Undergrad: 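Could you have a look at this structure, given as structure tokens, before my questions?
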Amino acid sequence: MTLPALNVETVGREMYSLAENLFPICRSMTGAGVRETLVRLQEHVPLEIHEVPTGTKVFDWEIPKEWNIRDAFIKGSNGRRILDFRQSNLHVVSGSVPINETMHWSRLKDHLHTLPEQPDLIPYRTCFHDEGWGFSLPHVLFEALQAAGDNAYEVCIDSSWQDGSLTYGEVFLPGESDDEVLLTTHVCHPSLANDNLSGIAVATYLAQWLAKIPRRYSYRVIYIPATIGAITWLSLNQNRVDKIKHGLVLALLGDAGCSTYRKCRREDAEINRVVSHVLAHAGADFRVSRFEPFGYDQRQFCSPGFDLPIGCLMRSPDGGFSEYHTSADNLQFIHPDYLADSLRKCVEIVKVLEGNRTYINQNPRCEPRLGKRGLYRAFGCDEDQIRLQQAVLWVLNLSDGEYSLLDIAVRSESSFGEIRRAADTLVSCGLLEEKLPGDKCQKSNNVAP
Ligand code: ZN
């Protein structure tokens with residue numbers, strides 16, 4: 001089966017321009033920013049928007065009130081905006097309650113957040129769990145204001161916490177089987193490029209590609225606010241989760257770092273083996289790290305009550321780069337080439353998931369004569385032919401109904417693509433048949449008479 005190829009150069013630029021388009025929106029856990037983001041994504045994929053009302057119980061949690069913000073600033077005595085939400089939405093601590101007061105520096109400074117060790121950057125801060133408010137600013141600006149003495153400032157955050165809903169998006173692409181692959185990405189960060197928009201862009205273009213291919217699995221792509229969004233989705237879809245056979249959390253996919261895969265909790269899950277194999281054969285440095293019950297939404301999907309086979313694909317991991325959760329995670333920090341490279345790896349992962357099957361050698365007693373079937377080519381041909389020849393022998397030898405094609409690729413240190421090609425060749429000449437549910441392995445099938 002030939003799948004549509006990715007035009008990596010074009011698709012990298014398209015993903016980047018999607019990130020540019022969404023960058024200015026002030027997203028948060030709930031509210032207009034998430035909704036606007038999802039509406040814009042509907043221009044790219046058949047995305048359904050779901051609204052879950054405030055107060056809905058979701059396991060040990062509850063859907064919060066909806067937070068929205070229209071404007072915010074700190075003005076000096078001359079009426080000039082010293083800090084302006086319209087310049088950067090990172091200036092306001094996400095979740096801040098409204099305030100409109102004139103106050104002195106001695107009080108204001110307790111509500112300001114900076115990064116003294118990165119004095120030119122604005123940190124990204126949130127406060128969803130108390131009645132707080134605050135601003136984020138470069139430490140150099142903080143120091144300048146501090147030096148100016150105990151002046152009065154006009155402080156305004158035009159925000160609201162009201163009954164509303166939690167908003168998430170879902171794209172469903174049915175396949176031959178009800179068994180599902182779940183792909184998730186978070187949509188809750190304001191103007192941050194790598195930590196949010198890179199995952200959204202790759203998930204969206206992966207969904208576009210998936211929509212064009214014949215699918216063995218059904219694919220579900222969900223765009224959710226981190227943590228509460230995953231908890232909500234799981235709570236609303238408890239009757240469906242047993243259909244999820246594989247999955248990936250997609251995040252941090254646009255920076256120059258090498259690909260990082262964080263395993264799911266189930267060590268032997270196929271997705272762990274598939275991603276490790278794809279990265280090992282991608283021709284670049286990569287990292288595979290153990291499962292950890294923190295970081296992105298894996299900690300919900302892999303909680304013991306679900307224990308879903310969902311890993312996390314990133315480049316530089318969360319917290320593993322100095323731009324993380326700062327104003328330096330901007331559109332200059334991500335690049336079309338890295339987005340495209342991440343998408344290409346996702347496509348390879350899907351190809352292995354789709355193509356990984358188990359076969360039974362129809363001529364298991366000694367090697368079949370390959371020559372008379374046109375399968376034997378003299379050694380000394382190009383390297384490709386030699387590798388295919390060897391792949392054919394590996395597939396014949398290990399296809400006893402116990403080893404999948406991925407097992408064979410790993411054991412023979414071949415790429416999955418080579419093993420899949422060898423299997424296709426052997427199927428077409430009748431030497432291999434797919435093992436069907438209920439088929440026994442060869443060992444028990446072929447006891448000598
Ligand atoms: Zn984050």
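Both backbone and side-chain heavy atoms feed into the values below; hydrogens, waters and symmetry mates do not. Just so you know, ligand 1 is whichever comes first in the structure, and atom 1 is the first atom listed for that ligand. Just so it is clear, the model here is predicted, and its values are computed rather than measured.
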Undergrad: For residues 331-341, which side-chain N or O atoms pair as donor and acceptor with protein atoms under 3.5 Å away, sequence neighbours left out?
TA:
{"from": "His335", "atom 1": "ND1", "to": "Asp337", "atom 2": "N", "distance (Å)": "2.9"}
{"from": "Asp341", "atom 1": "OD1", "to": "Arg344", "atom 2": "NH2", "distance (Å)": "3.0"}
{"from": "Asp341", "atom 1": "OD2", "to": "Arg315", "atom 2": "NH1", "distance (Å)": "2.9"}
{"from": "Asp341", "atom 1": "OD2", "to": "Arg315", "atom 2": "NH2", "distance (Å)": "3.4"}
{"from": "Asp341", "atom 1": "OD2", "to": "Lys345", "atom 2": "NZ", "distance (Å)": "2.7"}

Undergrad: Under 3.5 Å, is there a donor-acceptor pair linking the side chains of Asn68 and Glu66?
TA: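 A donor-acceptor contact under 3.5 Å links the two side chains.
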Undergrad: For Lys435, which residues count as a salt bridge (Lys or Arg N to Asp or Glu O under 4.0 Å) partner, sequence neighbours excluded?
TA: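 Listed in chain order: nothing, the list is empty.
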Undergrad: Applying ring-ring contact (aromatic ring centres under 6.0 Å, His included) as the test, list every pair that has at least one member in residues 300-320; sequence neighbours left out.
TA: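 Every pair satisfying ring-ring contact (aromatic ring centres under 6.0 Å, His included) with a residue in residues 300-320: Phe59-Phe306.
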Undergrad: May I ask you to say whether Glu176 pairs ionically with Arg215, meaning some side-chain N is under 4.0 Å from a carboxylate O?
TA: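 Answer for the salt bridge query: no.
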Undergrad: Listing by chain and number, what protein N/O/S atoms are under 2.8 Å from the Zn ion (ligand 1)?
TA: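 Hits for the Zn ion (ligand 1) below 2.8 Å: His189 NE2, Asp195 OD2, His325 NE2.
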Undergrad: Quick one: does any side-chain atom of Asp163 pair with a main-chain N or O of Thr54 as donor and acceptor, under 3.5 Å?
TA: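 Side chain of Asp163 to backbone of Thr54, a donor-acceptor pair under 3.5 Å: no, none is there.
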